[in-house]
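Both backbone and side-chain heavy atoms feed into the values below; hydrogens, waters and symmetry mates do not.
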Amino acid sequence: MTAPDHPILLCHDCGAPHALPPALPGHRAECHRCGAVLRHFRTGGLGHAVALAIASTILFVTANLFPILTFELEGRAQTATLLSGSVALWDGGYEVLGVLVFFVLFLAPLAQVLGTLYVVMPLAAGRTAAPGAAWTFRTVARLRRWAMAEVFLLGLIVAYVKLSDLAELEPGASLAALVAFILVQVWGEASLSPFEVWERIAPQTRVAQAGNADPERLTACHDCRQVVAGSEGACPRCGARLHHRKPNSLPRGWALISAATILYIPANLLPIMTVVYFGAGQPDTILSGVEALIAAEMWPVALLVFFASITVPVLKLIGLAYLLWTVQRGSPKRQRDRTRLYRLIEGVGRWSMVDIFMISLLAALVQLGAIATIHAELGAVAFAAVVIITMLASESFDPRLIWDAPHHQAKRQDSSHD
Ligand SMILES: [Zn+2]
Ligand SMILES: [Zn+2]
């Protein structure tokens with residue numbers, strides 16, 4: 001067999017080949033085998049996406065200019081901005097957590113909006129792609145999962161509920177800007193088709209130009225989905241390193257899952273923060289935090305924290321171990337369900353950061369000297385590590401391994417090493 005001489009796509013979730021679907025506004029092509037969305041051209045066009053990216057940028061700046069919450073107790077007030085939590089963690093001796101919160105709450109979202117603007121603006125105006133557009137757009141897509149403004153908002157709600165018992169809380173002007181930023185971001189993502197952007201940066205090239213290769217040896221770029229004959233070198237469109245399958249998916253997955261499982265123990269046994277109220281200090285673990293919420297009859301928030309901090313990490317670890325184990329055995333069963341499980345794990349992982357954001361806000365707001373202080377504890381570092389490591393584990397897993405026929409396993413694992 002020789003490679004087809006018309007442009008094709010390989011499904012990013014199962015590897016099935018498809019003829020390139022037409023680039024029609026509103027056209028949505030799904031994989032017949034696993035149900036993944038192959039290409040979806042939005043009707044709004046790139047001009048729409050530019051307007052929303054500009055609005056996002058303005059809202060993000062506004063969200064950082066003013067206080068987000070003000071906390072009042074015994075006649076003393078403390079305000080927090082979006083970044084106060086990061087600073088409070090750093091000042092409290094947990095620099096790693098401070099840097100992590102700064103990255104996911106400030107750097108990643110900012111890079112996302114500015115990167116999108118940089119790439120899409122010239123394209124929407126009908127000009128050629130800006131210098132470095134491919135690298136920028138690839139980086140923007142990779143940063144998406146690490147930009148966590150919406151998770152922070154949930155953490156803020158939890159912090160608000162926890163503190164509302166204790167003192168007066170007043171939302172600041174930046175809170176409205178943050179909510180608007182999140183909504184416009186969601187809208188912007190729904191109106192921008194990455195496929196369209198890649199097509200405008202450089203159209204999908206014909207595979208046959210690279211020579212007549214065995215279709216088994218075709219490789220789809222992980223980032224821009226350009227299909228290339230062979231599996232070596234860099235993607236001709238976006239410059240990413242090509243791999244037939246993600247390299248060392250199984251050993252890397254097992255190593256990361258083991259590390260996260262071990263860290264899950266101190267994350268739950270050690271206190272994640274200490275609340276000192278009129279001189280009396282009390283350390284809080286994740287579970288005792290949930291118990292306190294239940295005791296205060298704040299059921300919805302208690303359930304939310306229990307789900308995000310305790311259930312999700314455990315289910316992620318079990319789910320990933322199940323995926324790795326079935327792939328290793330070359331199981332041909334329930335491939336579609338396992339692909340869905342993978343997508344679920346991918347989507348839900350970042351929401352476990354809720355507790356970390358809550359702690360960062362509490363540490364920023366409750367700094368009232370002898371009256372009340374809250375600071376982070378070592379358990380929070382272990383817990384953040386569990387969340388990050390499981391996110392890396394699901395990122396390193398290649399769902400196409402689920403679909404590779406058992407007798408191809410050895411061969412494909414081989415080719416991922418070249
Ligand atoms: Zn598929
Ligand atoms: Zn590429």
Side-chain angles (χ1 to χ4, degrees), residues 56-57 59-71 77-115 143-160 162-163 169-179 181-182 185 267 271-275 284 286 289 305 308-309 349-368 372-389 391-392:
S56 285
T57 311
L59 288 168
F60 187 72
V61 172
T62 315
N64 277 283
L65 284 181
F66 307 103
I68 209 147
L69 268 185
T70 302
F71 172 77
Q78 180 89 31
T79 59
T81 62
L82 196 60
L83 283 180
S84 298
S86 163
V87 175
L89 290 170
W90 178 283
D91 289 345
Y94 291 101
E95 290 88 353
V96 184
L97 283 183
V99 170
L100 174 67
V101 170
F102 181 73
F103 178 70
V104 297
L105 194 53
F106 187 80
L107 275 189
L110 184 67
Q112 269 228 304
V113 286
L114 293 183
L143 279 176
R144 174 62 196 98
R145 57 175 45 220
W146 300 103
M148 300 190 186
E150 65 275 36
V151 185
F152 171 81
L153 188 64
L154 210 55
L156 183 141
I157 292 169
V158 177
Y160 190 98
K162 269 184 173 282
L163 289 180
L169 279 165
E170 215 174 288
S174 275
L175 185 56
L178 180 73
V179 173
F181 168 74
I182 292 166
Q185 276 278 89
I272 52 168
M273 63 179 182
T274 295
V275 182
D284 251 334
I286 292 176
V305 174
S309 306
R350 49 214 293 284
W351 291 94
S352 294
M353 282 290 283
V354 164
D355 249 10
I356 299 296
F357 288 132
M358 176 206 70
I359 295 166
S360 76
L361 262 175
L362 293 182
L365 282 171
V366 189
Q367 292 301 334
L368 302 178
T373 57
I374 292 182
H375 53 89
E377 294 285 359
L378 198 57
V381 180
F383 182 73
V386 171
V387 179
I388 301 304
I389 292 172
M391 281 177 72
L392 293 173

| message | Please give me the minimum heavy-atom distance between Q185 and Q112, naming the atom from each residue. | response | NE2-OE1, 3.6 Å
| When rounded to the nearest 0.5 angstrom, what is the spacing between CD1 in I359 and NZ in K162? | 9.0 Å
| To the nearest 0.5 Å, what is the distance between CG (L156) and CG (L175)? | 5.5 Å
| task | Please examine the side chains of V354 and V151, heavy atoms only from C-beta on, and report whether any two atoms are closer than 4.5 Å. | result | yes
| query | So which pairs with a foot in residues 80-103 pass ring pair (Phe, Tyr, Trp, His ring centres under 6.0 Å), sequence neighbours left out? | reply | F102-F106
| message | Determine whether a donor-acceptor pair (N or O, by modelled atom type, separation under 3.5 Å) exists between the side chain of S352 and the backbone of A308. | response | yes
| query | Is there a donor-acceptor pair under 3.5 Å between the side chain of R350 and the backbone N or O of A147? | reply | yes
| query | Does L65 reach the side chain of T81, with side-chain heavy atoms less than 4.5 Å apart? | reply | no
| Where do H375 and E377 come nearest, in terms of heavy atoms and distance? | CE1-OE2, 3.3 Å
| Does S86 use its side chain to pair, donor to acceptor, with the backbone of G98 at less than 3.5 Å? | yes
| field | Shortest non-hydrogen contact from I272 toward A267 | value | CG2-O, 4.2 Å
| said: Just verifying a value: how many Å separate L153 CG and F181 CZ, rounded to the nearest 0.5 Å? | reply: 11.5 Å
| query | If you round to the nearest 0.5 Å, how far is CE of M273 from CD1 of I286? | reply | 10.5 Å
| message | side chain to side chain contact (heavy atoms under 4.5 Å, CB included), that's the test. Do L361 and F152 meet it? Break it down for me. | response | CA-CA 9 Å; L361 262 175; F152 171 81; 3.9 Å; yes
| Do you know which two heavy atoms are closest between L82 and A63, and how far apart they sit? | CB-O, 3.8 Å
| message | For I68, is there any backbone N or O sitting under 3.5 Å from a side-chain donor or acceptor partner on S174? | response | no
| request: Please step through side chain to side chain contact (heavy atoms under 4.5 Å, CB included) for the pair F357 and I157, ending with a clear verdict. | output: CA-CA 10 Å; F357 288 132; I157 292 169; over 6 Å; no
| query | I374 pairs by side-chain contact (heavy atoms from CB on, under 4.5 Å) with which of L365, D284, L362? | reply | L362
| Side chains of M353 and L100: closer than 4.5 Å at any heavy-atom pair? | yes
| task | May I have the step-by-step check of side chain to side chain contact (heavy atoms under 4.5 Å, CB included) for L89 and V96, ending in yes or no? | result | CA-CA 8 Å; L89 290 170; V96 184; over 6 Å; no
| What is the distance from atom OG of S309 to atom CE of M358, rounded to the nearest 0.5 Å? | 7.5 Å
| query | Where do P171 and L69 come nearest, in terms of heavy atoms and distance? | reply | CA-CD2, 3.9 Å
| What pair of heavy atoms forms the shortest contact from A384 to I356, and how long is it? | CB-CD1, 3.8 Å
